[in-house]
4 protein chains.
Amino acid sequence: MRSENEPPGQKRRSVIEDVRRAQIIRGAVETFAEVGYGSTSLARIAERVGISKGVISYHFAGKDELVDQLVSTIYREMVEFVVPRVAPETTATGKLRSRIRAVAEYVDGNRAQLLALAEIFSNARGADGRLLYGHAFNEDLYRSQEEIFRAGQEAGEFRQFDTRVMAVSLEAAIDAMVSYLGEYPDHDIAAHAEQLADLFEQAVRADSGAGRTAR
Amino acid sequence: MRSENEPPGQKRRSVIEDVRRAQIIRGAVETFAEVGYGSTSLARIAERVGISKGVISYHFAGKDELVDQLVSTIYREMVEFVVPRVAPETTATGKLRSRIRAVAEYVDGNRAQLLALAEIFSNARGADGRLLYGHAFNEDLYRSQEEIFRAGQEAGEFRQFDTRVMAVSLEAAIDAMVSYLGEYPDHDIAAHAEQLADLFEQAVRADSGAGRTAR
Amino acid sequence: MRSENEPPGQKRRSVIEDVRRAQIIRGAVETFAEVGYGSTSLARIAERVGISKGVISYHFAGKDELVDQLVSTIYREMVEFVVPRVAPETTATGKLRSRIRAVAEYVDGNRAQLLALAEIFSNARGADGRLLYGHAFNEDLYRSQEEIFRAGQEAGEFRQFDTRVMAVSLEAAIDAMVSYLGEYPDHDIAAHAEQLADLFEQAVRADSGAGRTAR
Amino acid sequence: MRSENEPPGQKRRSVIEDVRRAQIIRGAVETFAEVGYGSTSLARIAERVGISKGVISYHFAGKDELVDQLVSTIYREMVEFVVPRVAPETTATGKLRSRIRAVAEYVDGNRAQLLALAEIFSNARGADGRLLYGHAFNEDLYRSQEEIFRAGQEAGEFRQFDTRVMAVSLEAAIDAMVSYLGEYPDHDIAAHAEQLADLFEQAVRADSGAGRTAR
DNA sequence: GATGAATGAGTCTTCATTCAT
DNA sequence: AATGAATGAAGACTCATTCAT
């Protein structure tokens with residue numbers, strides 16, 4: 001039943017409930033990653049977790065809430081991994097490359113998580129038929145990336161370009177790196193990440209007739 | 001029934017059948033684009049077309065064949081649109097930019113088609129659970145794009161880079177352009193395409209210390 | 001349309017119609033024998049014959065009439081084969097053995113026909129749910145066999161027994177011989193027929209001085 | 001779900017589940033017996049039992065499992081009834097007659113069960129189109145019956161004959177007795193059974209001084 | 001005479017959800 | 001807190017039949 005987003009200090013969940021929710025979310029992640037969005041039923045998740053179907057309904061208001069919690073959980077984890085690796089960088093170029101690298105690193109150790117996200121992003125839809133996690137959902141991500149681009153432009157590191165197009169293209173390329181790994185598990189993602197960083201570094205850098213991106 | 005791609009002189013379809021098939025495919029395209037893969041049922045397509053559910057089963061062996069025909073139809077149309085616009089270009093750089101432009105132009109007049117494709121690509125799965133139209137399906141596209149990249153590298157137009165990563169990233173960025181338009185119908189796709197062309201032109205061009213991508 | 005059993009001199013069918021009907025019946029026989037009653041659809045028959053589905057509906061009032069015509073056609077053929085081989089026999093014992101032999105011979109050259117009949121007999125049902133070709137349909141056959149048994153009893157060739165039970169059991173054993181051949185195509189049906197004839201000859205013959213089955 | 005034959009100590013079914021399964025099987029038996037294999041749908045069974053269609057899917061993995069469970073349930077019941085009535089007999093002749101009698105007795109109180117079995121045996125087919133419960137399924141039965149015949153032959157009780165043909169014919173005659181009762185509910189099955197026992201006793205017994213069936 | 005096209009009822013199956021225990 | 005049981009709607013697909021051409 002509980003579906004509140006627990007405003008602090010109010011109706012906090014019991015420990016056991018938290019454990020169950022986490023356990024269910026983990027099972028959901030694995031299932032989404034393995035069989036895809038369309039074939040992931042609550043029954044299948046329950047089976048994987050080793051619990052009864054009803055338990056899921058008990059802990060989550062419905063499939064939608066489960067998906068929602070899953071997304072924000074993974075998202076939070078990823079942000080917690082990536083941010084500390086990007087923040088120390090002082091140049092926009094450095095932030096760009098370290099961001100790509102950090103995602104690649106995270107992905108490498110959390111493939112199921114990312115594949116599950118990808119499945120959900122391209123499939124989950126509201127009652128109105130619109131994607132629940134489409135570009136609009138990425139808005140925050142786009143904005144923060146655009147800020148970095150603008151900072152680079154102002155600092156003279158980057159040439160002038162449409163920051164929105166650049167941000168959208170960057171995210172798309174990163175997602176493709178992830179899904180490529182999903183399809184070809186032996187793909188060398190670290191090398192891919194370096195190539196991708198080169199790609200965008202070249203794409204954004206000020207013309208200057210100038211220097212290589214020594215790394 | 002009938003699923004042959006009509007090998008000459010063998011079991012050619014009647015005119016009326018062709019019309020119906022085209023009509024059904026059109027309805028399917030619109031439905032996929034509008035409500036997404038998971039919510040597109042044969043019943044819904046039939047309803048949109050204004051025919052009985054059974055008619056679809058009559059003209060197509062099953063949902064799989066319908067999807068398959070849809071994909072190859074749209075794909076063929078797009079190739080027929082894009083190729084003549086890219087072929088005349090003599091430089092790798094020219095081919096790159098004209099390809100992006102051509103896709104953008106095509107998309108502008110065929111949004112539903114592209115959205116439907118995107119839905120199918122990221123969702124349709126075989127009995128084994130693997131994506132039917134994943135990266136593997138794009139292999140031909142990747143290859144032909146890689147050839148252009150390699151030609152540019154050999155001609156000294158392009159710097160050295162991993163052509164596979166570049167091709168995958170390019171396709172991803174183009175797809176993102178399409179889906180962005182899908183979500184924000186007022187988005188200026190022509191401008192987006194130019195920015196995208198700039199992006200990749202910069203990303204691939206030889207360092208030369210030098211020249212602008214005069215366009 | 002036409003469904004009349006053509007009372008002589010009235011509404012006789014054209015030659016071409018007869019040919020079509022025979023052709024369709026032949027296709028139906030093969031289909032029933034091959035895939036069984038439940039999987040034999042008009043579509044499948046039409047496909048095998050190489051005609052359009054509608055043709056069958058044109059020539060037969062419905063599936064029921066087709067089946068009915070099929071049954072009586074095969075039945076007539078079989079009777080025409082068996083009767084001349086049984087009639088010349090002068091003893092009841094001779095008739096019994098020659099009947100079993102004749103059926104076995106016929107079956108050997110007409111497996112599909114018999115298998116189709118077997119499928120239909122054990123499956124075809126009327127709107128009320130009752131078997132269309134159950135024991136009641138065999139009534140004539142039972143009667144004629146019973147007459148032979150009674151003749152044998154009156155002549156002192158056969159012992160006293162319930163002729164109905166004997167007739168039913170005989171037909172069942174003959175049918176089993178046929179279906180056994182259907183399942184094991186290499187089965188030696190001629191040898192089976194001799195054994196079966198021995199079996200029933202022993203079963204019916206008058207007690208030549210020997211023991212009663214007191215129990 | 002659940003399809004195990006409950007290997008001890010593993011996933012035992014709840015009481016209520018057992019009850020439901022038994023209830024559904026009973027409903028299926030009655031439906032098969034009444035309207036035949038081809039007209040027995042899950043919907044019809046559910047309707048007869050007075051439950052929702054989905055309940056059947058909940059308790060059985062599919063129609064195939066339901067049929068399979070039904071067959072083995074009835075089969076087991078019948079074996080449990082027949083074996084203790086046959087085992088005490090010391091002579092092959094005694095075993096033969098008591099077997100026929102026991103089946104007849106069982107049938108008398110369990111008509112629907114036997115009719116359902118008959119429907120399934122002559123109709124259920126696998127994906128390959130072959131009968132699921134054809135002669136091959138009866139193999140065990142044939143074998144055990146053949147052993148009795150061979151024992152009788154070795155003891156000098158029975159004449160020499162092909163035990164396979166005898167076994168197949170015996171089973172066919174027993175089945176015919178059952179189906180005859182199905183079609184004529186007032187038929188005197190006990191008398192039929194005695195006649196049948198006489199028939200086979202005569203058919204197998206050693207030739208006490210009398211004539212061979214010269215051919 | 002023949003056909004392709006269309007229909008609508010009916011098949012099995014899957015699923016998210018609800019509820020009594 | 002958990003579960004097994006049940007539901008009913010929706011899914012893809014099959015089929016006998018009808019009908020205009």
Side-chain angles (χ1 to χ4, degrees), chain A residues 1-2 13-17 19-20 38-46 51-66, chain B residues 1-2 13-17 19-21 38-46 50-66, chain C residues 1-2 13-17 19-20 38-46 51-66, chain D residues 1-2 13-17 19-21 38-46 50-66:
Chain A
M1 294 294 129
R2 315 296 181 66
R13 280 192 286 273
S14 75
V15 174
I16 186 164
E17 173 146 20
V19 169
R20 264 281 187 256
S39 299
T40 296
S41 63
L42 295 188
R44 231 206 265 250
I45 297 171
I51 57 177
S52 152
K53 241 181 314 179
V55 186
I56 299 181
S57 295
Y58 180 76
H59 288 286
F60 296 91
K63 202 186 188 185
D64 289 350
E65 200 216 335
L66 167 57
Chain B
M1 324 274 124
R2 317 299 181 69
R13 280 193 285 273
S14 73
V15 174
I16 183 164
E17 172 147 24
V19 169
R20 262 280 186 260
R21 286 173 69 101
S39 300
T40 297
S41 65
L42 295 188
R44 207 147 176 163
I45 297 171
I51 58 179
S52 150
K53 226 183 336 170
V55 184
I56 298 181
S57 293
Y58 177 76
H59 289 285
F60 296 91
K63 200 186 191 185
D64 288 351
E65 200 214 332
L66 169 55
Chain C
M1 300 291 129
R2 316 296 180 69
R13 283 191 284 273
S14 76
V15 174
I16 185 164
E17 174 146 22
V19 169
R20 264 281 187 258
S39 299
T40 296
S41 63
L42 295 188
R44 230 204 265 250
I45 297 171
I51 57 177
S52 152
K53 241 180 316 179
V55 186
I56 298 181
S57 295
Y58 180 77
H59 288 287
F60 296 91
K63 201 188 190 186
D64 288 351
E65 200 216 335
L66 167 56
Chain D
M1 325 275 125
R2 317 299 181 66
R13 282 192 283 273
S14 73
V15 174
I16 183 164
E17 172 147 23
V19 170
R20 261 281 187 260
R21 285 174 69 101
S39 299
T40 297
S41 65
L42 295 187
R44 208 147 178 166
I45 297 171
I51 56 178
S52 151
K53 226 185 334 173
V55 184
I56 298 181
S57 293
Y58 177 75
H59 289 285
F60 295 91
K63 199 188 192 185
D64 288 350
E65 200 214 333
L66 170 54

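Below, each value reflects all heavy atoms present in this structure, side chains not excepted, and no hydrogens, waters or symmetry copies. Below, chains carry the letters A, B, ... as their sequence lines are ordered, and counting in each starts from 1.
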Please find the pair of heavy atoms, one from [X] and one from [Y], that lie closest to each other, and give the distance.
X     : Y     : result
D/K63 : D/T40 : NZ-O, 3.2 Å
A/I56 : A/L42 : CD1-O, 3.6 Å
B/H59 : B/E17 : ND1-OE2, 3.4 Å

query = Where the side chain of B/H59 is defined as all heavy atoms beyond and including C-beta, which of E/dA5, E/dG8, F/dT3 is the nearest nucleotide?
reply = E/dA5

query = Between F/dA1, E/dT3, F/dG4, which one does the side chain of C/R20 approach most closely?
reply = E/dT3

[X] [atom1] to [N] [atom2]: how many Å, rounded?
X     : N      : atom1 : atom2 : value
B/F60 : E/dA5  : CZ    : C1'   : 14 Å
C/E17 : E/dG1  : CD    : C1'   : 9 Å
B/R44 : F/dA12 : CZ    : P     : 11 Å
A/I45 : E/dT14 : CD1   : C1'   : 15 Å
B/I16 : E/dA5  : CD1   : P     : 6 Å
A/E65 : E/dA16 : CD    : P     : 15 Å

message = Taking the nucleotide of DNA chain E with the nearest heavy atom to each, does D/S39 or C/S52 sit closer to the 5' end?
response = C/S52

If I take atom [atom1] from residue [X] and atom [atom2] from residue [Y], how far apart are they, to the nearest 0.5 angstrom?
X     : Y     : atom1 : atom2 : value
D/S14 : D/R21 : OG    : CZ    : 10.5 Å
B/S57 : B/E65 : OG    : CD    : 11.0 Å
C/I45 : C/F60 : CD1   : CZ    : 9.0 Å

Strand DNA chain E as a dot-bracket string - pairs counted if Watson-Crick or G-U with both distances under 3.5 Å, | where the partner lies in another strand = .||||||||||||||||||||

task = Just jot down the side chain to side chain contact (heavy atoms under 4.5 Å, CB included) partners of B/S41, sequence neighbours excluded, or say none.
result = B/A43, B/R44

message = Generate the contact string for nucleotides 16-21 of chain F. Rules: B means base contact, S means sugar-phosphate contact only, - means no protein heavy atom under 4.0 Å.
response = SBB---

